[in-house]
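Written out below as structure tokens is the structure these notes cover.
Whatever order the structure lists ligands and atoms in, that order sets their numbers, starting from 1.
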Amino acid sequence: MNISKLQQRYEGKAKKVFATSDPSYYIVEYKDDATAFNGLKHGTISGKGIINNKMSNMMFKLLEKNGVKTHFVEQLNDRETVVKAVEIVPLEIIIRNVAAGSFSKRYGVEEGRELICPTLEFSLKNDALNDPLINDSHIIALGVATEKELGEIREMAYKVNEVLKKFFAGIGVKLIDFKIEAGRLKDGSIILADEISPDTCRFWDAKTNEKLDKDRFRRDLGGVEEAYQEIFKRINNV
Ligand code: TMP
């Protein structure tokens with residue numbers, strides 16, 4: 001693709017986003033930086049940026065094949081990818097199949113309890129407020145998303161869950177939960193944006209329940225790099 005990288009638009013905790021010579025596209029660059037607890041804990045996960053870039057792109061391609069529209073355009077190199085320019089809807093869209101993390105803490109449910117059905121929750125993306133939970137009526141009342149957009153986001157999130165759950169089951173991995181983000185194109189349509197990686201999903205080995213995701217970093221469990229490599233290896237062996 002013949003576009004050049006221009007000025008940085010944004011630097012997040014794990015990625016940088018650059019404008020390009022074509023206003024319809026951005027370039028994202030994945031970093032090895034890792035944070036947890038809203039930036040309170042900092043570290044580096046060596047090689048993470050490369051794995052997350054490649055893995056996200058593979059997941060986006062799989063989802064596109066299954067009818068989910070995503071921002072993915074073209075991987076440029078190990079850490080950089082061209083994506084469609086979107087306005088991010090400031091929501092963390094979280095689907096859970098099994099209780100873990102903040103859900104377990106909030107409701108006093110043991111981690112690992114299978115939920116009767118997948119659940120969907122939203123947090124408002126706002127670091128200063130610590131990403132508070134937000135409900136549908138608040139989202140609409142605050143103009144974060146319209147009712148129509150919220151319907152599309154909900155449908156997209158459950159579809160992503162269906163496709164990913166099946167894919168990961170095939171490589172011996174339980175998809176416990178994950179976070180996605182939605183983007184708005186210029187024409188107002190909603191597509192899947194951000195990333196899908198061990199930073200943004202909980203993956204447990206189907207046989208041993210070993211954690212193969214960022215919880216190894218969040219909880220100081222050790223073997224962080226190895227967990228990212230293991231997930232990546234399994235995906236590539238399909
Ligand atoms: P939680 O149990 O801490 O709420 O996390 C739910 C899922 O969302 C889990 O797969 C990790 C992911 N997540 C992010 O991607 N970014 C975040 O900032 C947080 C808090 C969670």
Original post:
Heavy atoms only: which of S102, A99, A14 is nearest to atom 2 (O) of ligand 1?
Top reply: S102
Subject >> Pi-cation contact, F217 with K41 (under 6.0 Å, within 45°) >> reply: yes
Original post:
Please state which protein non-hydrogen atom is closest to atom 9 (C) of ligand 1 and give its distance, to 0.1 Å?
Top reply: D177 OD1, 3.2 Å
Original post:
Using heavy atoms and a threshold below 4.0 Å, how should the contact between C201 and ligand 1 be classified: side chain, backbone, both, or neither?
Top reply: backbone
Subject >> Interfacing atoms of ligand 1 (cut-off 4.0 Å, heavy-atom, F178) >> reply: 10 (O)
Subject >> Contact check, R96 vs ligand 1, heavy-atom distance below 4.0 Å >> reply: yes
Identify each donor-acceptor pair in which a side-chain atom of residues 164-173 lies under 3.5 Å from a protein atom, sequence neighbours left out, and give them as a table.
none

**OP:** Tell me which part of D213 gets within contact of ligand 1: side chain, backbone, both or neither, using heavy atoms under 4.0 Å.
**Re:** neither
Subject >> Check: R216 side chain, K211 main-chain N or O, donor-acceptor pair, under 3.5 Å >> reply: yes
Original post:
In the protein, what heavy atom is nearest to atom 14 (C) of ligand 1, and what distance, to one decimal place, separates them?
Top reply: K179 CE, 3.7 Å
Subject >> Check ion pair D33-K16 (N to O, under 4.0 angstrom) >> reply: no
Subject >> Interfacing atoms of ligand 1 (cut-off 4.0 Å, heavy-atom, R218) >> reply: 11 (C)
Subject >> Between D22 and T20, a side-chain donor and acceptor under 3.5 Å >> reply: no
Original post:
With no hydrogens and no angle check, do the side chains of R96 and S104 hold a donor and an acceptor under 3.5 Å apart?
Top reply: no
**OP:** Compare R106, R202, K105, E195 and give the one whose heavy atom is closest to atom 3 (O) of ligand 1.
**Re:** R202
Original post:
Looking only at heavy atoms, is any part of E92 under 4.0 Å from ligand 1, and if so is it the side chain, the backbone, or both, or is it neither?
Top reply: side chain
Subject >> K15 and N53 side chains, donor-acceptor separation under 3.5 Å >> reply: no
Original post:
Does D199 have a heavy atom less than 4.0 Å from any atom of ligand 1?
Top reply: yes
Subject >> Under 4.0 Å to a heavy atom of T200 - the qualifying atoms of ligand 1, by number >> reply: 10 (O), 12 (C), 15 (O)
Original post:
Under a 4.0 Å N-O cut-off, is there an ion pair linking D177 with R202?
Top reply: yes
Subject >> Sub-3.5 Å N/O-N/O distance, D131 and ligand 1 >> reply: no
Subject >> Numbered atoms and elements of ligand 1 in range of G101, under 4.0 angstrom, heavy atoms >> reply: 2 (O)
Original post:
Which residues satisfy the salt bridge (Lys or Arg N to Asp or Glu O under 4.0 Å) test with K186, sequence neighbours excluded?
Top reply: none
